[in-house]
Amino acid sequence: MSFPLLTATAVLPAIGAIATAAVPAAQRTAAKWLALLVSLGTLALAITVLVRFDPGGDRYQLTESRSWIADFGVRYELGVDGIAVALIALTALLIPFIILAGWHDADPLETGSKRWRPTQGFFALILAVEAMVIISFEATDVFLFYIFFEAMLIPMYFLIGGFGDRAHEHGEKVASTQRSYAAVKFLLYNLVGGLIMLAAVIGLYVVAGNFSLQDIAEARANGTLDMATNTERWLFLGFFFAFAVKAPLWPLHTWLPNAMGEATAPVAVLITAVVDKVGTFAMLRFCLQLFPEASKWATPAILVLALISIVYGALLAVGQRDMKRLIAYASISHFGFIIMGIFAMTSQGQSGATLYMVNHGISTAALMLVAGFLISRRGSRLIADYGGVQKVAPVLAGTFLIGGLATLSLPGLAPFVSEFLVLVGTFTRYPVIGIIATFGIVLAALYVLVLYQRTMTGPVKPEVSAMPDLRVRELVVVAPLVALLLFLGVYPKPLTDIVNPAVQQTMSDVHKKDPQPEVEAAK
């Protein structure tokens, strides 16, 4: 039997989480290093998956299949296509940076105090989330996917509610209350979505007789499984609702600004750059593949919701006073672009959406982590409390600017390629939607440049006059992310070569072809 590479990639961080949690309470530094080493080992396995994956080969590769709950047709089935490989690589890449960035986020609250934050628990929970996200990307059994899709909510709940941002204008008591509110809101929204999806999963089993994604899709393609139109639509809506909450799509988005605002900056990155990608990924893997006709039926409504997300998220980002909430609303706008690209039903749109998932993860990580370093120095999330930072901390200001420019999709940086493909792919089939969506780019330029101008330029405020520049650990976190933004901005081909074959197969699932350009006949 060949080495179960996909299982190992998910199991290593799970074992690492248990081992990190078991480190003695006094050995906080050892727990941090153990978590970092485990995350680097997981990255090495993810790179191995990337290297062994053949874009020109079978749709699902490195497959594993074992009987699990035989009486109910549940199997332990794993497999990756190009989209999953790209997102596994993104997840494994970001976790070491998240750990490094949060190196002191769970240290004792006070010097010499007997009140301890459970440092080991903080890093163990991060590794647990990584394990669950990775296996969600790998699972080709619907029930297996559902289990981990829901299970990841538990460690995220504790990360948001138990390890929130210490920089709060109203003191620790109010901050604790708001963290609890944000954590409960996150959990309830996603649990409701998950319960609706569970009903749809059971309905799918009743109709199909098993949970295997590949078997159900094959039966649908060859006509041996014929769902009634209304049945398919109801099942699609059950799956899509859960994914739209996770994504998050307007109007199911309201948990995200609270969660990102109250969490530490590294946990905020974990939410929007890693966990939320499971929702958009699942739309491609499950909604389009299992329910192709219902996906086409729902497309107009979903495109309108995505368009509202783009404009609404950008408008609210413009008016934010809180730096982290601004980035949260910007992410809502970006997820609107991703979902619009998925349901534009063009190869350019879906390729752009997949690239957007990866590039948004990198750009948001860069911007949010630098913002976290800034907030930890000043002790405030309010934009108005900053000014003139570029004069006292030029490297910090420079990396903040690059992260911001990537967020507004400046040409030459990675997100530009993604956004361009999404807009082109949408315009070719839905020109009005594509034109209106471009206003999101204009608004992005506004909120990013205003944020930079108010925090980094102008007179130096007394509270930031002694602010130190980025330290070595912080440079180790930010520099590789900036390098990736530049590299993928000018040479995205390695990524597009991996995802394009999977996109073409998804287009085939929904029986869609790209619109042919209308060329006026020569006179």
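One-based numbering along the sequence shown. Given the structure is predicted, the values throughout are model-derived calculations rather than measurements.
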message: Donor-acceptor pair, distance only, cut-off 3.5 Å: does the side chain of Lys246 make one with the backbone of Phe149?
response: yes

task: Measure the acute angle between the ring planes of Trp68 and Phe143, then classify it against the limits of 30° and 60° as parallel, tilted or perpendicular.
output: tilted

query: Which atoms form the tightest heavy-atom contact between Leu488 and Ala414, and what is the distance?
result: CB-CB, 3.7 Å

Taking every non-hydrogen atom, the tightest pair across Trp250 and Ser309: N-OG, 2.8 Å

- request: Please step through side chain to side chain contact (heavy atoms under 4.5 Å, CB included) for the pair Val38 and Glu130, ending with a clear verdict.
  value: CA-CA 11 Å; Val38 169; Glu130 179 182 24; 5.8 Å; no

query: Once you round to the nearest 0.5 Å, how far does CH2 of Trp255 lie from CZ of Phe186?
result: 5.5 Å

query: Would you say Gln289's side chain and Ala217's backbone share a donor-acceptor pair under 3.5 angstrom?
result: no

- request: Might you work through the ring pair (Phe, Tyr, Trp, His ring centres under 6.0 Å) test for His253 and Phe335, ending with a clear yes or no?
  value: CA-CA 10 Å; His253 67 284; Phe335 275 102; over 10 Å; no

query: Which value, rounded to the nearest 0.5 Å, describes the distance between Asp58 atom CG and Asp81 atom CG?
result: 12.0 Å

message: Check whether Ser333 reaches the backbone of Ile310 with its side chain - one donor and one acceptor, N or O, closer than 3.5 Å.
response: yes

- line: Applying side chain to side chain contact (heavy atoms under 4.5 Å, CB included) to Leu5 and not counting sequence neighbours gives Phe3, Thr9, Leu45, Thr48, Val49, Arg52, Leu62

- prompt: Is there a donor-acceptor pair under 3.5 Å between the side chain of His334 and the backbone N or O of Thr407?
  reply: yes

task: Give the intermediate values and the outcome of side-chain hydrogen bond (donor to acceptor under 3.5 Å, both in side chains) for residues Tyr76 and Ser67.
output: CA-CA 6 Å; Tyr76 177 80; Ser67 179; over 6 Å; no

- request: Using modelled atom types only, decide if a donor and an acceptor are shared between the side chain of Ser508 and the backbone of Gln504 within a distance under 3.5 Å.
  value: no

statement: Note: Leu12 and Gly41 closest approach over all heavy atoms is CD2-C, 3.5 Å

message: So does Asp54 get a backbone contact from the side chain of Gln61, meaning a donor-acceptor N/O pair under 3.5 Å?
response: yes

- prompt: Do you see a donor-acceptor pair shorter than 3.5 Å between the side chains of Ser331 and Thr272?
  reply: yes

task: For Tyr60 and Thr140, run side chain to side chain contact (heavy atoms under 4.5 Å, CB included): C-alpha distance rounded to whole Å, both residues' side-chain angles, the deciding distance at 0.1 Å, then the answer.
output: CA-CA 9 Å; Tyr60 292 106; Thr140 57; 4.1 Å; yes

- line: In short, side-chain hydrogen bond (donor to acceptor under 3.5 Å, both in side chains) pairs touching residues 276-288 with sequence neighbours left out are Lys277-His360

field: Point-to-point distance, once rounded to the nearest 0.5 Å, from CG of Leu423 to CD1 of Ile435
entry: 10.5 Å

- request: Quick one: do Tyr205 and Phe211 satisfy ring pair (Phe, Tyr, Trp, His ring centres under 6.0 Å)? Show the steps, please.
  value: CA-CA 6 Å; Tyr205 176 75; Phe211 293 106; 4.8 Å; yes

message: If you apply the rule side chain to side chain contact (heavy atoms under 4.5 Å, CB included), what do you find for Val311 with Ile308, and how did you get there?
response: CA-CA 5 Å; Val311 178; Ile308 294 173; over 6 Å; no

query: In Å and rounded to the nearest 0.5 Å, what is the CE to CD1 distance from Met368 to Ile98?
result: 11.0 Å

- request: Keeping the roles fixed (side chain from Glu64, backbone from Leu78), state whether a donor-acceptor pair exists under 3.5 Å.
  value: no

Donor-acceptor pair between Glu419 and Tyr356 side chains, under 3.5 angstrom: yes

field: Full working for side chain to side chain contact (heavy atoms under 4.5 Å, CB included) between Met132 and Leu127
entry: CA-CA 9 Å; Met132 294 175 186; Leu127 291 176; over 6 Å; no

field: Tyr189 versus Thr254, side-chain donor and acceptor atoms under 3.5 Å
entry: yes

query: With a cut-off of 6.0 Å (strictly less than), are more than 12 heavy atoms of other residues, nucleotides or ligands near CZ of Phe97?
result: yes

field: Residue that, paired with Leu303, satisfies side-chain contact (heavy atoms from CB on, under 4.5 Å) out of Met340, Met345, Arg429
entry: Met340

field: Donor-acceptor contact below 3.5 Å, side chain Thr91 vs main chain Val274
entry: no

- request: Measure across Ala366 and Gly403 and return the closest heavy-atom pair with its distance rounded to 0.1 Å.
  value: CB-CA, 4.5 Å

- request: Show the numbers, then the answer: is there a ring pair (Phe, Tyr, Trp, His ring centres under 6.0 Å) between Phe343 and Phe240?
  value: CA-CA 12 Å; Phe343 285 91; Phe240 180 80; 5.8 Å; yes

- request: Report yes or no: does Ser351 contribute a side-chain atom to a donor-acceptor pair with the main-chain N or O of Gln348 at less than 3.5 Å?
  value: no

- prompt: Relative to the ring of Phe145, is the ring of Phe286 parallel (under 30°), tilted (30 to 60°) or perpendicular (over 60°)?
  reply: tilted

field: Main-chain N/O of Ala268 paired with Lys324 side-chain donor or acceptor, under 3.5 Å
entry: no

message: Which heavy atom of Pro415 sits nearest to which heavy atom of Leu485, and what is that distance?
response: CD-CD2, 4.1 Å

field: Leu484 side, atom CG; Leu94 side, atom CG - distance, nearest 0.5 Å
entry: 9.0 Å

message: Nearest 0.5 Å, please: how far is CG in Leu316 from CD1 in Ile332?
response: 8.0 Å

message: Between Ser65 and Arg75, does the side-chain hydrogen bond (donor to acceptor under 3.5 Å, both in side chains) criterion hold? Intermediate values first, please.
response: CA-CA 7 Å; Ser65 180; Arg75 298 186 62 82; 3.0 Å; yes

